[in-house]
Amino acid sequence: MQIFNSMTRKKEELKPIQPGKVGIYACGPTVYNFFHIGNARPFIVFDVLRRYLEHRGYEVTFVQNFTDIDDKMIKRAKEDGATVQDVADRFIREYFVDAQALGIRPATVHPRATEHIPQIIAIIETLLKKGLAYESAGDVYYRVKAFPEYGCLCGQNLEDLASGARVSVDEQKEDPLDFALWKAQKPGEPAWDSPWGPGRPGWHIECSAMSTTYLGDTFDIHCGGKDLLFPHHENEIAQTSGATGKPYVHYWMHNGFINIDNEKMSKSKGNFFTVRDIAKQYDLEAVRMFMLSAHYRSPVNFSRDMIEQAKSSLERLYIAREQLQFLLNAAGDGEPSEAEAAFLMECDKARVRFYEAMDDDMNTADALGALFELVREVHKLPQKGGCKKAIAQGLETLTSLAGVLGLLGKQEDAVSPEVEKMVAERAEARKNKDWKRSDELGDGITALGYFLSVTRGGQKVRKGV
RNA sequence: GGUGCCAUAGCCAAGCGGUAAGGCGAAGGUCUGCAAAACCUUUAUUCCCCGGUUCAAAUCCGGGUGGCACCUCCA
């Protein structure tokens, strides 16, 4: 598999440190609120990365952290009159609610920053010992100038960074570019004991501590949003490599942003959507579909219209699956017909094309194209006298490939007995050419969120996406 | 000022040297009591503009134009 490495800015063949195993660290949310649609993108696309690698036989250790201590956490706790930990516990729970609805699997490990204070302190101590950090009035800062490779990820040298810096000058720091590893406690803030007095960790150091705790000093893939490239990931490299003297990460992956009406989403612009809000109007699987319809590195524009489009195309996938299930139920034993043999070839072609797309830096848009070409083949299948073996194989191809994208997650909906009854009554009415009654029942069924279809195999009902 | 990214049909979006995937929408058709749904067909002689390289360019190079992002503890 080729992966675009932000460090080298090239596609590179993925060569895991240990054959057959891949370690991935993904920057997770700061749990001070419900997460928003922009947060959702990395969660979804890197969930797909993990699913795909597992699908291809890798054993994946996927680590995604929760940042449960920082300024925003403290602010939120004050507003709510709760402790920082209460806020964290609450929004971690809420994270899993939205994540599940988006088809995002729980990570192998979900470490919390506050549960790794000893590891954080250990790294800072090493950095101090090596002269890569200094203490200043209870704070500890990273000495950026002492790490020659600083800027290797973002491709900027120190001078350029300094000239463009909008960092406020802080007399505590030796250099404006230096960043906090440890912050001395301020009144009313939560704090942990440390060799430098009570305080809390800086943001960047958390990820260094958590990633290396679970994945080792050097691991395969680190991912996150493009905006984290600098300074967050740059700082992680400085901290971790600085402390260990080893390379930190082999492949850096960064997803592009989500814009709202071609503008950056931000609270100040008021174009800010939480996933929870969107869930009130849309099935979140459609949101996932939307995210995967473009390449993960390009920016995408979010709008109601885009979700509607994604919803319709998702529907098409479900209909194909349903058609295969319908054919499977009617199929018998025996050997595949000529048409089915051709269909099986198309299944193989779709799978190959799907893999090629995914191997090319996770081109989900192209992979989706392969899936839809398979969908068309499904509908070419004869309606009668199918062969169980062939249909089942087609169904397996469709669901397993869609499953790599985390799509088609919903099981076939059991139609409620109430609706079953209405369908039966409607069939009876139609037999008697009682069109009025038939229409009434039809409208009733539709109103309950079902689609009725009368042409193939008699009456069929299905639940809308 | 520094560093990058992008421009493909009404909309979304692949393709990145060999003659334009796919989805949504729209139009026509099949089916149907009429619809809806479903299925089928059609829907870019052309890829922002101008030059260049090449037998061959949406794809490479140069120059424009128009968008966007990072350099702020925003994914």
Side-chain angles (χ1 to χ4, degrees), chain A residues 6 9 26-30 35-46 67 70-72 151 154-157 159-168 177 179-180 183 202-204 206 223-232 234-235 254-259 262-268 272 289-290 293-295 297-301 303 305-306 308-317 319-320 322-323 353 357 360 363-373 375-376 378-380 383 430 433-436 438-439 442-443 446 450-456 460-462 464:
Chain A
S6 307
R9 296 175 198 192
C27 285
T30 301
F35 67 86
H36 58 72
I37 187 72
N39 296 306
R41 170 118 100 147
F43 300 158
I44 292 168
V45 300
F46 298 121
T67 295
D70 85 329
D71 291 341
K72 294 192 290 283
C154 65
Q156 306 235 48
N157 59 43
E159 281 168 26
D160 291 337
L161 282 170
S163 72
R166 286 176 276 173
V167 183
S168 59
L177 255 26
F179 56 92
K183 297 177 167 189
W203 176 41
H204 314 296
E206 300 169 6
C223 39
K226 238 173 199 143
D227 59 318
L228 294 183
L229 219 137
F230 189 90
H232 185 56
E234 191 73 58
N235 290 354
H254 292 96
N255 64 275
F257 261 54
I258 290 186
N259 296 320
N262 287 313
E263 283 200 316
K264 187 175 155 171
M265 175 167 62
S266 67
K267 282 182 179 167
S268 54
F272 190 88
M289 183 69 169
F290 160 73
S293 65
H295 188 93
R297 279 190 285 119
S298 40
V300 292
N301 210 23
S303 68
D305 190 42
M306 291 301 100
E308 293 288 354
Q309 285 192 16
K311 186 178 151 183
S312 299
S313 49
L314 216 210
E315 184 96 358
R316 187 166 158 77
L317 243 32
I319 288 163
E322 202 171 87
Q323 176 62 193
R353 194 184 145 198
D360 182 15
N363 191 337
T364 53
D366 200 15
L368 238 18
L371 225 42
F372 280 109
E373 275 172 3
V375 166
R376 198 172 40 223
V378 167
H379 293 300
K380 283 185 187 164
Q383 298 298 304
R430 292 175 62 75
K433 298 201 188 293
D434 183 354
W435 308 125
K436 186 161 171 278
S438 167
D439 289 348
D443 290 346
T446 309
Y450 289 84
F451 286 110
L452 260 173
S453 151
V454 286
T455 47
R456 258 199 307 270
K460 278 205 303 189
V461 248
R462 66 188 169 80

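Residue numbering restarts at 1 for every chain, and letters A, B, ... go by the order of the sequence lines. Keep in mind that what you see is a predicted model, and the values were worked out from it rather than measured.
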So what does A:F257 hit on the nucleic acid, given a heavy-atom distance under 4.0 Å: a base, only sugar-phosphate, or nothing?
base

### Task
Quote, to the nearest angstrom, the P distance that separates B:rC61 from B:rA57.
15 Å

Sugar-phosphate only, base, or nothing, as touched by A:P231 at under 4.0 Å among non-hydrogen atoms
sugar-phosphate

Discussion item. Under 5.5 Å centre to centre and under 30° between planes: does that hold for A:W435 and the six-membered base ring of B:rG33?
Written reply: yes

Would you indicate what A:H36 reaches in the nucleic acid, counting non-hydrogen atoms under 4.0 angstrom: base, sugar-phosphate, or nothing?
-> base

A:D439 CG to B:rA36 P, in whole Å, measures 13 Å

message = Can you tell me if A:T30 touches the phosphate of B:rC74, counting only side-chain N or O atoms and a distance under 4.0 Å to OP1 or OP2?
response = no

Check your understanding: Quick one: does A:K226 reach the base of B:rC5 with a side-chain donor-acceptor pair under 3.5 Å?
Key -> no

From CD of A:E234 across to P of B:rG4 the rounded distance in Å is 14 Å

Phosphate oxygens OP1/OP2 of B:rG33: is one of them under 4.0 Å from a side-chain N or O of A:K436? no

- prompt: A:N259 side chain N/O closer than 4.0 Å to the phosphate oxygens (OP1, OP2) of B:rC68?
  reply: no

P atoms of B:rU46 and B:rA38, separation to the nearest Å:
33 Å

Check the phosphate of B:rG22 against A:R376, side-chain N and O only, distance under 4.0 Å to OP1 or OP2. Yes or no? yes

task = For A:R353, report the nucleic acid contact type (base, sugar-phosphate, nothing); a contact means any heavy atom under 4.0 Å.
result = base

Q: Determine the contact category for A:A294: base if any of its heavy atoms lies under 4.0 Å from a base atom, sugar-phosphate if only primed atoms, P, OP1 or OP2 are that close, otherwise nothing.
A: sugar-phosphate

Stems of at least 3 consecutive Watson-Crick or G-U wobble pairs (donor-acceptor distances under 3.5 Å) involving RNA chain B, listed by first number, are B:1-7 with B:65-71, B:10-12 with B:22-24, B:25-30 with B:38-43, B:48-52 with B:60-64

- Across the strands shown, which category fits A:T67 at heavy-atom distances under 4.0 angstrom: base, sugar-phosphate, nothing? nothing

A:E315 CD to B:rG25 P, in whole Å, measures 10 Å

Q) Is there a donor N/O on one and an acceptor N/O on the other, under 3.5 Å, for the side chain of A:E373 and the base of B:rG22? A) no

Would you indicate what A:D227 reaches in the nucleic acid, counting non-hydrogen atoms under 4.0 angstrom: base, sugar-phosphate, or nothing? base

Record whether the side chain of A:R9 comes under 3.5 Å of the base of B:rG4 through a donor-acceptor pair of N or O atoms. no

Using the P atom on both, measure B:rA14 against B:rU30 and round to a whole Å.
-> 37 Å

(message) Rounding to an integer number of angstrom, what distance separates B:rG4 and B:rU8 when you compare their C1' atoms?
(response) 22 Å

To the nearest angstrom, the CD-P distance between A:E308 and B:rC11 comes to 18 Å

To the nearest angstrom, the CD1-P distance between A:I258 and B:rC68 comes to 18 Å

> Hey, does A:L229 reach any base, or is it just sugar-phosphate, or nothing, if we go heavy atoms under 4.0 Å?
Replying inline: nothing

The answer to which of A:N301 and A:A320 contacts RNA chain B further toward the 5' end, by nearest nucleotide, is A:N301

Item to check | Pairwise P distance for B:rG17 and B:rA58, with rounding to whole Å | outcome: 13 Å

query: Between the base of B:rC11 and the side chain of A:Q309, is there any donor-acceptor pair under 3.5 Å?
result: yes

